[in-house]
Amino acid sequence: MNNGDGSFFVALSDGMGSGQKAAMQSRTTINLLEQFMESGFDRDTTIKMINSILLLKSSDESFSTVDLSVIDLYNGEVEFVKVGAVPTFIKRSDRVEVVRSASLPAGILSNIELELIHKKLGSGDFIIMMTDGVYDLFKGDEGNDKFLQEYIDEVRSLNPQQIADRILEKAYESCEGKPPDDMLVVVAKVWKRPGV
């Protein structure tokens, strides 16, 4: 979502469990996120309000992760807000960085403290976000992060969709075509406009 004031939002939510109920939780969380952000609420207030709404529905076990990347289109800075979400990866021309935060999903605790992580992106860098259904299938001797970093680094495509497809295909192969959880990968590419 482009909010019109120079910020671009990339958001992903993963509801508890899998299937239709989880999809509904995710959709509700993303819809609330869009509505609050479009109404002018800041990120901190938005996440806390979503948490409160999900908490009120907690008898239905309405827990959802919130994974939000806010990109400043003028200076290339990105702010990561992660609530119960697995790490995000930044694919640069010479390396792959891991962005992680330890927090519970929204709707579990009445008071959540947000850890905002700031990074600077260069032209041609990719932001790679995924659900735990994908992340958990990348198991290596040195842990999921290292294995995924190496795999993402080996993907040579400059097309965000192709990168997402390759990661998803590898995860699908890892579970022999029988995913134990919902799987989603979102890839965004940042580039400098010519002449700017």
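Since the structure is predicted, the reported quantities are computational estimates derived from the model, not experimental observations.
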Donor-acceptor check, side chain of [X] to backbone of [Y], threshold 3.5 angstrom: yes or no?
{"X": "Thr88", "Y": "Val99", "answer": "no"}
{"X": "Lys120", "Y": "Asn75", "answer": "yes"}
{"X": "Ser7", "Y": "Asp72", "answer": "no"}
{"X": "Ser26", "Y": "Gly15", "answer": "yes"}

Measure the shortest side-chain to side-chain distance between [X] and [Y] over non-hydrogen atoms and say whether it is less than 4.5 angstrom.
{"X": "Leu68", "Y": "Phe80", "result": "no"}
{"X": "Glu34", "Y": "Phe9", "result": "no"}
{"X": "Val155", "Y": "Gln162", "result": "no"}
{"X": "Leu121", "Y": "Ile127", "result": "yes"}
{"X": "Asn2", "Y": "Leu73", "result": "yes"}
{"X": "Val83", "Y": "Ile47", "result": "yes"}
{"X": "Leu148", "Y": "Tyr135", "result": "yes"}

Mind checking the [atom1]-[atom2] spacing from [X] to [Y]? Nearest 0.5 Å is all I need.
{"X": "Ser157", "Y": "Lys189", "atom1": "OG", "atom2": "NZ", "result": "8.0 Å"}
{"X": "Asp182", "Y": "Asp132", "atom1": "CG", "atom2": "CG", "result": "9.0 Å"}
{"X": "Glu150", "Y": "Phe138", "atom1": "CD", "atom2": "CZ", "result": "12.0 Å"}
{"X": "Asp165", "Y": "Tyr172", "atom1": "CG", "atom2": "OH", "result": "14.0 Å"}
{"X": "Ser69", "Y": "Ile128", "atom1": "OG", "atom2": "CD1", "result": "11.0 Å"}
{"X": "Ile117", "Y": "Ser101", "atom1": "CD1", "atom2": "OG", "result": "5.0 Å"}

Hey, is CE on Met1 packed in by over 12 heavy atoms from elsewhere, all under 6.0 Å?
->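 Count over threshold, so yes.
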CA sep, side-chain torsions, deciding dist, call: Ile90, Phe126, side-chain contact (heavy atoms from CB on, under 4.5 Å) = CA-CA 6 Å; Ile90 300 173; Phe126 297 90; over 6 Å; no
Linking I/L/V/M/F/W/Y whenever their side-chain heavy atoms sit closer than 4.5 Å, directly or via other members, would [X] and [Y] fall into one cluster?
{"X": "Phe89", "Y": "Leu168", "answer": "yes"}
{"X": "Ile163", "Y": "Val190", "answer": "no"}
{"X": "Met130", "Y": "Val98", "answer": "yes"}
{"X": "Val70", "Y": "Phe8", "answer": "no"}
{"X": "Val185", "Y": "Met129", "answer": "no"}

Please give me the minimum heavy-atom distance between [X] and [Y], naming the atom from each residue.
{"X": "Asp181", "Y": "Gly133", "answer": "CB-CA, 3.8 Å"}
{"X": "Ala171", "Y": "Leu137", "answer": "O-CD1, 3.3 Å"}
{"X": "Gln161", "Y": "Asn159", "answer": "N-OD1, 2.8 Å"}
{"X": "Met183", "Y": "Thr131", "answer": "CA-OG1, 3.6 Å"}
{"X": "Asp125", "Y": "Ser93", "answer": "OD1-N, 4.3 Å"}
{"X": "Val134", "Y": "Leu184", "answer": "CG2-N, 3.6 Å"}

Of Val10, Leu12, Asp14, the one forming a side chain to side chain contact (heavy atoms under 4.5 Å, CB included) with Asp67 is Leu12
Can you tell me if Asp145 and Gln149 form a side-chain donor-acceptor pair at under 3.5 Å?
-> no
